[in-house]
Amino acid sequence: MEISKTYEPIEIEKKWLNFWEEHKLYHSEPNNSKPFTIVIPPPNVTGSLHMGHALNNLLQDIIIRFKRMNGFNSCWVPGTDHGGIATQNVVERILKKAGILRENIGRDKFLEEMWKWRKETGDTILYQLKKLGCSCDWDKTSFTMDDRRSKSVNYAFTKLYEKGLIYRGERIVDWCPRCGTALNESEVEQEDEKGKLWYIKYPIQNESDKLIIVATTRPETMLGDTAVAVNPNDERYKKFIGKNAVLPLVNRIIPIISDEMVDPKFGTGAVKITPAHDRNDAETARRHNLVLIHAIDKEAKITSFIINDLNGQPIKNFEANELIGKDRYEARKILIEKLKEKELLEKEENYVLPITRCYRCDTATEPLISKQWFLKMNGMAKRAMESAKTEETKFFPEKWLKPYLLWLENLKDWCISRQIWWGHQIPLWYCMNCAGEHILGTLDDKAVSIKWMLETLKLTPQQIKEKVKDYEVGNINIDSKGVFASEKQPEKCPQCGKSDFIRDPDVLDTWFSSALWPMSVFGWPEETKELKYYYPTDVLVTGHEILYLWVARMIMMGLEFRNNVPYHDVYIHGIVRDSKGKKMSKSLGNVIDPLGIMEKFGTDALRFALAYQGIPGRDMQISDENFLMARNFANKLWNVSRFVMMNLDQNAVILPPLASLASGGSSAKNLDDLELTDKWILSELNLTIKNVTKAIEDYNPSEASRLLYEFIWSKYCDWYVEFSKTRLYGNDEKTKSTTQKVHIEIIEKILKLLHPIMPFITEEIFQNLKKQSKSIMISDYPKYDESETDKTADEEIREVIEVITAIRNIRSEMNVKQSDLVDIIIKISSDESEKIINENKQYINSLAKVKEIKFSKTSEKPKLSASAIIGNIEIFVLLEGKIDLEKEKKRLESQIHKINQEANVCAAKISNKNFLEKANPEEVERVKQKLQELYDKKKKLEEIVKNLDIK
RNA sequence: GGGCGGUUAGCUCAGUUGGUUAGAGUACUUGCUCGACACGCAAGGGGUCACAGGUUCGAAUCCUGUACCGCCCACCA
């Protein structure tokens, strides 16, 4: 045999990757069999695959391969996601290093760069998925921004717009000053940080001796204050309600109002109200019809708007001039100094406050009022909740249902517009004629409209389009007049018939297209045959971090557009963490690169390690130890199959049994000369089939992996293979042939069971064994057969194994050389046991290095021997000249000690009246029997020890 | 502030409806190159199952509380 002693994965993986692809074994077409469909959570084209992706895709591949082998028309649709802000940031950063700024090259040029990037990284990611062994149908590869998917997006947007579900609103949004865009609540991260609470004195108008003190964590926002609020029941401040305060440094006159929202116990019980920069304050302002003043702009700098009073008129005694144009934090410092100078700062305290940061660039966000497009969520959320409650969608593990429902219940309208360039540009058009009067935004600090640009600036419609597109003109601020959604570039304005349009420059939230993904990959909204056949899909496999961002929205869109959920099962797995429990991230520098692992340990080892750690409902920590264990396991499998192949007579034995086994049915069980070890291992295999199948169906890859590891290593390799050697190396051709057949059956079924988890090594061994071109990938998964379970064999083999282990133990304890054979005498009180031991003598001889076994009926104890007791079997290992009697005595006494401890526990139970009365009878019987056994064993051991003393 | 999860051998983790002596890998000790495998074989040592109560004949497992760790959600300035 020229097969290497260790498994060398690299070449083998390459070979089968090509083979599978050449034969299009991944490909699926609608046909008459039952489909099983998974749509990939498309990885962002931000970079290369990380361990989280590896896990996510591995789990999908396990299911897909498993189902394929179980006769389903398995289809796994791959693809990538454009990734919105995340991807744009990456490219911006790279361009910046080359000295290129997005603003300078303009939208079109920048997008060209983006597409170049996406081509490269998209290809890399797909290549990496292939390397991982993912059996996706690559012919169906999609991208969220390709033509087909863009059509779906435009269609969906237009339909939702026409239904009146999309509206433009003015809301406080978290604005990232670095990325220059609004962020969704799910795109920000909150963290508690050490800060300060400043107590600032606001003088009361016309009562210069009186003050109202407010506490704030963000003093710079006071520049935009338009009120001070107190609780209506707060006795301290009742006298001030209705009066005015003078905003320090700005000298704006602002009203003192009362509102239930104010907590009298916090701070001073008086709150400054900054409606343009705080969610709460915006609400309060709405209730009290307060004016809002922008104090901070989109770059987080202090604006000039603060010079206006509540009526929009310039303030006369304005003292804060130098703050205008300063960064928010710098302004804060100056402000505090100035307040100190004027003795308007009462005090400052240390305080821990929540800071909201952009999840991509980590910049502290600025709450800003801005115009955004929103999708109404109320109705859609209700339907999604219904579908979850009626189990149209089931969550695995179930614990995710509750948070999911809770999230839907509190769902606010979805802000779907983003002020970036990379994404689906919103398919809304503004007629330059009809919408001409409306304010488009600001240009050089002036409010501008289309009409103004046409007439005053004398710009051409084309120039205006460019200015809007590149965001030279700020937020579009048009109301419904002259606005319409259209899937394609409109030809004529339905209102005036003219054909000069500006397209809304915003793009859609990246999750908008993701939400349509399970439908769009099959060509929706067209009723394609794929859509009819594969949709709804079967299961969505994803990490819990995007349960809300993505899963919930897909379900809502599915219900909205097709009246059904896009999948019936949602399988939520854990997040991969490093060995310290931290989430892997590039910035922390704790990422383990799956490609590196694949090279070092092999792809199958990576897969097995991840599957092994993939415990439902838990995040997982992963380290080199896991990969090492998996690599060793792969090697074990490799070698045991080498062993089997080395022991086959190539032409005589291998082909006939394999031909019959190929159908998937068992033939070994029908052989007429099966003996105990065969029956036992076949029964164990059968049980493993049952449990592994159940584990995979229950989305428990960890359980499946553990079961296979245990069976293959601890049962098959450690015991059956060793048992079988005496027969394979013997001269009896019949028994030899039987053993070979059993081995072939076991190994073939092991390979199939393991294939979904370890596709490469199993294919390699399978093909070596079979020498046929048919792939294991499309072979039949082993089926559990109840008739093959053999409990008797299991009990009987245990006796043999225990005897062997006991003798080995004695040999080891007594330092008997490996090469020395020993004689043993066995005393058995039961004929049945004697028969079993007698029939399996050869195994005891070979595995425990025994020269001769004698059976004895006398009560006499052989001198100079070490002993062990297994149930009703007494074993005496004859060790003349090798035994240390003192040591033997100690060994036996420590055994007696252990038995005593255990017996005490049992005896206590038996003497407990309550136990006898209340425990179930089977348990009582078990304990009684157990106690009897312990006493018997103890008695025998004590006798032996006594004999030792006599010597 | 609310919700969820975790705490089991030195380390990383399993442990199904409460019921054998709480398991595995790794690390450790000892002995093995004997015809699959030293990425191996054999034998061993190692745990008050975070803590405190409770339910029960019986608790790692169920309940309550506490501590620490982690995650998610929330408008307390």
Side-chain angles (χ1 to χ4, degrees), chain A residues 1 3 5-7 172 185 190 197 214-218 221 229 261-263 265-274 278-284 351 353-354 367 399-400 402-403 406-407 410 544-545 547-548 575 577 579 581-583 601 605 612-613 615 617-623 625-626 628-647 702-703 706 709-710 714 717-718 721-722 725 729 805 808-813 815-819 847-849 898-899 901-902 905-906 909 912-920 922-924 926-927 930:
Chain A
M1 278 273 154
I3 303 171
K5 272 188 170 190
T6 46
Y7 174 57
I172 291 260
E185 61 215 56
Q190 272 201 2
L197 194 57
V214 301
T216 179
T217 55
R218 296 201 56 199
T221 62
M261 154 280 232
V262 181
D263 175 3
K265 290 193 280 289
F266 188 89
T268 60
V271 188
K272 58 192 265 325
I273 302 295
T274 320
D278 184 282
R279 239 175 271 273
N280 264 331
D281 293 1
E283 293 290 316
T284 312
Y351 184 72
L353 67 154
K399 69 165 183 174
W400 288 106
K402 213 171 120 185
L406 208 69
W407 184 80
N410 299 313
H544 55 72
E545 74 273 24
L547 178 61
Y548 310 132
I575 291 174
R577 300 179 183 282
S579 55
K582 292 261 179 272
K583 196 172 164 177
F601 300 101
Y612 192 88
Q613 293 295 106
I615 294 138
R618 287 193 56 168
D619 288 351
M620 62 184 79
Q621 296 189 17
I622 201 111
S623 65
E625 272 182 22
N626 300 101
L628 208 63
M629 177 272 288
R631 196 266 320 250
N632 294 350
F633 177 58
N635 195 55
K636 189 76 178 175
L637 178 68
W638 180 251
N639 274 294
V640 77
S641 65
R642 261 181 78 222
F643 168 81
V644 172
M645 282 185 264
M646 285 163 83
N647 285 291
S702 176
E703 176 73 3
R706 282 164 210 269
Y709 186 100
E710 157 83 6
S714 310
C717 292
D718 285 353
V721 166
E722 296 304 323
K725 281 178 180 171
Y729 300 153
T805 307
R808 282 170 169 177
N809 183 340
I810 288 170
R811 291 179 55 109
S812 181
E813 294 276 324
N815 299 321
V816 177
K817 270 204 226 156
Q818 200 84 38
S819 51
L847 297 191
K849 308 271 182 201
K898 271 188 191 164
I899 290 170
Q901 282 181 327
E902 215 183 316
V905 174
C906 289
K909 278 187 183 177
N912 182 339
K913 234 172 44 187
N914 284 325
F915 176 72
L916 296 176
E917 280 167 16
K918 291 181 184 173
N920 73 54
E922 286 161 30
E923 178 63 14
V924 174
R926 192 187 62 77
V927 174
K930 168 110 193 152

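No experiment lies behind these values; they were computed from the predicted model shown. Order of the sequence lines sets the chain letters (A, B, ...), proteins ahead of strands, with each chain counted from 1.
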With a 3.5 Å cut-off and heavy atoms only, can you find an N or O donor on one side and an acceptor on the other between the side chain of A/Glu722 and the base of B/rA36?
yes
Exercise. Do A/Arg808 and A/Leu847 come close enough that some side-chain heavy atom pair is under 4.5 Å?
Worked result: yes
Notebook entry, point to check: Would you say a side-chain N or O of A/Lys849 is under 4.0 Å from OP1 or OP2 of B/rC34?
Noted result: no
Residue set satisfying ring-ring contact (aromatic ring centres under 6.0 Å, His included) with A/Tyr351, at least two apart, ordered chain then number -> A/Phe266
Residue-phosphate contact under 4.0 Å: A/Asn632 side-chain N/O, B/rG40 OP1/OP2: yes
Taken to the nearest whole Å, NE2/A/His544 to P/B/rG6 is 13 Å
To the nearest angstrom, the CD-P distance between A/Glu703 and B/rG23 comes to 17 Å
Per nearest nucleotide of RNA chain B, the residue lying toward the 5' end, A/Glu813 or A/Leu628, is A/Leu628
A/Arg642 atom CZ is separated from B/rC37 atom C1', nearest whole Å, by 7 Å
Closest non-hydrogen contact found for A/Val214 with A/Thr268 is CA-OG1, 3.8 Å
Base-paired stretches in RNA chain B with three or more consecutive Watson-Crick or G-U pairs, both distances under 3.5 Å, amount to B:1-7 with B:67-73, B:10-13 with B:23-26, B:28-32 with B:40-44, B:50-54 with B:62-66
What one should report as the nearest heavy-atom pair of A/Leu197 and A/Thr217 is CD1-CG2, 3.6 Å
* **Check: A/Ser623 main-chain N/O paired with A/Asn626 side-chain donor or acceptor under 3.5 Å** => yes
OP1 or OP2 of B/rG44 less than 4.0 angstrom from a side-chain nitrogen or oxygen of A/Asn809, does that happen here? yes
Exercise for review: Using only side-chain N and O atoms of A/Tyr612, determine if any of them is under 4.0 Å from OP1 or OP2 of B/rA14.
Suggested key: no
Check your understanding: Between B/rA36 and A/Lys725, is there an OP1 or OP2 to side-chain N/O distance shorter than 4.0 Å?
Key -> yes
Are A/Glu703 and A/Arg706 close enough for a salt bridge, meaning some N to O gap below 4.0 Å? no
A/Leu916 atom CG is separated from B/rG19 atom C1', nearest whole Å, by 14 Å
Heavy-atom nearest nucleotide on RNA chain B taken for A/Lys918 and for A/Glu710; more 5' hit belongs to A/Glu710
note: A/Arg279, atom CZ; B/rC73, atom P; distance rounded to Å ~ 13 Å
| message | Is the base of B/rG35 stacked against the aromatic ring of A/Tyr729, taking ring centres under 5.5 Å apart and planes under 30° as the test? | response | yes
Please determine whether a side-chain nitrogen or oxygen atom of A/Lys909 lies at a distance below 4.0 Å from atom OP1 or OP2 of B/rC57. no
For residues 633-641 of chain A, please give each side-chain donor-acceptor pair under 3.5 Å, one per line with the distance, not counting sequence neighbours.
| from | atom 1 | to | atom 2 | distance (Å) |
| --- | --- | --- | --- | --- |
| A/Asn635 | OD1 | A/Tyr7 | N | 3.0 |
| A/Trp638 | NE1 | A/Ser4 | O | 2.8 |
| A/Asn639 | OD1 | A/Arg642 | NH1 | 2.6 |
| A/Asn639 | ND2 | A/Lys5 | O | 3.0 |
| A/Asn639 | ND2 | A/Asn635 | O | 3.1 |
| A/Ser641 | OG | A/Leu637 | O | 3.3 |
| A/Ser641 | OG | A/Trp638 | O | 2.7 |

Q) Does any N or O donor sit under 3.5 Å from an N or O acceptor when you compare the side chain of A/Lys5 with the base of B/rC37? A) no
Closest to the side chain of A/Met646, out of B/rG19, B/rA36, B/rA77, is B/rA36
Looking at the base of B/rC75, is there any donor atom on it, or on the side chain of A/Asn280, that sits under 3.5 Å from an acceptor on the other one? yes
